[in-house]
*Asks:* 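This is the structure I have questions about; it appears just below.
Along the sequence shown, residues carry numbers from 1. Each ligand, and each atom within it, is numbered from 1 in the order the structure gives.
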Amino acid sequence: MTSTFDLTHLDRFAGTSTSIRRPREFAHFSYDDTHALKPLSAESLSYYYPPVFGAPGVEEHRPELSAGFKTFRQRDDSIDEHLDGLLDTLQAYEEALLVKVEGGEDEVEVANVRVKADVVTWRGMMTKILTVAFDDFSDFEMNATCFQAQSFIEEHQAYKAAQRRSQNSQQPRRGEASQEMMQYWGYKFECISTLQAPWADTTRADIENRETLIVSNNPQYCSMVRTGIGATSLILAGEVDCVLGEKPERPDQPIPWIELKTSAEPGNLSNLRETVKYERKLLRYWAQSFLLGVPKIMVGYRTPDGFLTRIAEFETQRIPAQVKRGAHTWDGNLCINLTAAFLEFLTQTVVGDGVWRIRRWKNWRMIEVFKTEEVVMENILKQSFRIHREKL
Ligand code: A3P
Ligand code: MG
Ligand code: MG
């Protein structure tokens, strides 16, 4: 049986937004330079420091984002990682808490060691839901399963792999760089905009040498947050690019994260077509950052051939109002209300044993959810996590 979530009559989601709980990081993890997972480690945390464009009296210098493309150390993204990094970290976090509780160091009861949330997933999955109403071209497939009254949602890797292949096989238009090259520009921009240690522990050479470093997308720092959208509580994990200054000492303080993006210079914004394109981009930026509570986005604008021209700063929270004053091609409150309704629909549908597919193809005005037999729960939830959880 297929259940559908209707994406027509969007008016029913209009109005002020439902309650949202500010995302709070409660755990984090890193992937190191070989992409090995380090639960609860901050070793791949990066620190924002703007790229160097030249100094007074020095000839203008535009960093070349293509430089070093041949030596790019690119991780193998064909491997299906399911929810593994997230689950291993959740387990490590709960085990550490359990040790404290049993040692009398924490007043939490053993029954409350398990992190409570209705939905556990990657931030990327929620970005797709948050933007679905205003992105007719977005298509996705996810798998979901229910365990201990929590819904776990992963990306359906086979679908994503096919999507990537078709994206990468598109011939670039004349004068346009290849998909691979444009992807590299994104990582190169991260490399020249960050430091691997806080500024105080950095030398001038560390800052100046960034353009000559080998670019690798293996190291990643991922933040795990507790948040809530409407009636649904969530645990989300996702990569954050860097922090401004340092992470605050107190765990309840908001973290000044920065999301980095590269983009071609927007076209003429008095032209409606260009504005629609520009606002579509802002929708993706906003949704991605909003979900983890990333307050700032630094966009590195570039020439068509990949030379960085300038940096523009966006405040995540202000983006919906900016779009409202523009062509108003999307509405942030509507996105949030729709997501709240979808999450309720999903948690009511994914109940009992089994695995469900969540599917939305291009131009569909609905999201389908149906049970599949092909995938077994064991794939979504690794055995070590289930054994750990059964002890709690
Ligand atoms: P840009 O966003 O500057 O293009 P993120 O912005 O999410 O931190 O991702 C960093 C970079 O990863 C992106 O840089 C882009 O190069 C690449 N990337 C992210 N998502 C992608 C996708 N769906 N397809 C292809 N490349 C992607
Ligand atoms: Mg990133
Ligand atoms: Mg980024």
*Asks:* Would you check whether Y187 has a nitrogen or oxygen atom less than 3.5 angstrom from a nitrogen or oxygen atom of ligand 1?
*Replies:* yes

*Asks:* Tell me which part of L260 gets within contact of ligand 1: side chain, backbone, both or neither, using heavy atoms under 4.0 Å.
*Replies:* backbone

*Asks:* Any salt bridge between D241 and K261, counting N to O under 4.0 Å?
*Replies:* no

*Asks:* Number the atoms of ligand 1 from 1 as they appear, then name those within less than 4.0 Å of a heavy atom of K261, with their elements.
*Replies:* 2 (O), 3 (O), 5 (P), 6 (O), 7 (O)

*Asks:* Are W122 and F152 near enough that their ring centres are under 6.0 Å apart?
*Replies:* no

*Asks:* Between K160 and D77, is the closest basic N to carboxylate O distance under 4.0 Å?
*Replies:* no

*Asks:* Under 2.8 Å from the Mg ion (ligand 3), is there any N, O or S atom belonging to G186?
*Replies:* no

*Asks:* Among all protein non-hydrogen atoms, which one is nearest to atom 10 (C) of ligand 1, and what is the separation to 0.1 Å?
*Replies:* E190 OE2, 3.3 Å

*Asks:* Would E180 and N168 satisfy side-chain hydrogen bond (donor to acceptor under 3.5 Å, both in side chains), going step by step from the backbone distance to the final call?
*Replies:* CA-CA 7 Å; E180 282 95 338; N168 289 341; 4.9 Å; no

*Asks:* With backbone taken as N, CA, C and O and side chain as the heavy atoms from C-beta onward, which portion of Q179 lies under 4.0 Å from ligand 1: side chain, backbone, both, or neither?
*Replies:* neither

*Asks:* Is there a nitrogen or oxygen of E239 sitting under 3.5 Å from a nitrogen or oxygen of ligand 1?
*Replies:* no

*Asks:* Taking the six-membered ring for Trp, are F342 and F5 parallel (under 30°), tilted (30 to 60°) or perpendicular (over 60°)?
*Replies:* perpendicular

*Asks:* Write out the residue and atom name of the closest protein heavy atom to atom 23 (N) of ligand 1, then the distance separating them to 0.1 Å.
*Replies:* R164 NH2, 3.5 Å

*Asks:* Output yes if D241 passes the N/O/S-under-2.8 Å test against the Mg ion (ligand 3); output no otherwise.
*Replies:* yes

*Asks:* Before accepting this row, confirm whether a basic side-chain N of the pair E378/R386 lies closer than 4.0 Å to the acidic partner's carboxylate O.
*Replies:* yes

*Asks:* Suppose we only count N/O/S atoms under 2.8 Å; would E259 qualify as near the Mg ion (ligand 3)?
*Replies:* yes

*Asks:* Looking at atom 19 (C) of ligand 1, tell me if a protein heavy atom falls under 4.0 Å from it.
*Replies:* no

*Asks:* Between atom CG of N217 and atom OH of Y184, what is the distance when rounded to the nearest 0.5 Å?
*Replies:* 10.5 Å

*Asks:* Does a side-chain N-to-carboxylate-O contact under 4.0 Å join R226 and E25?
*Replies:* no

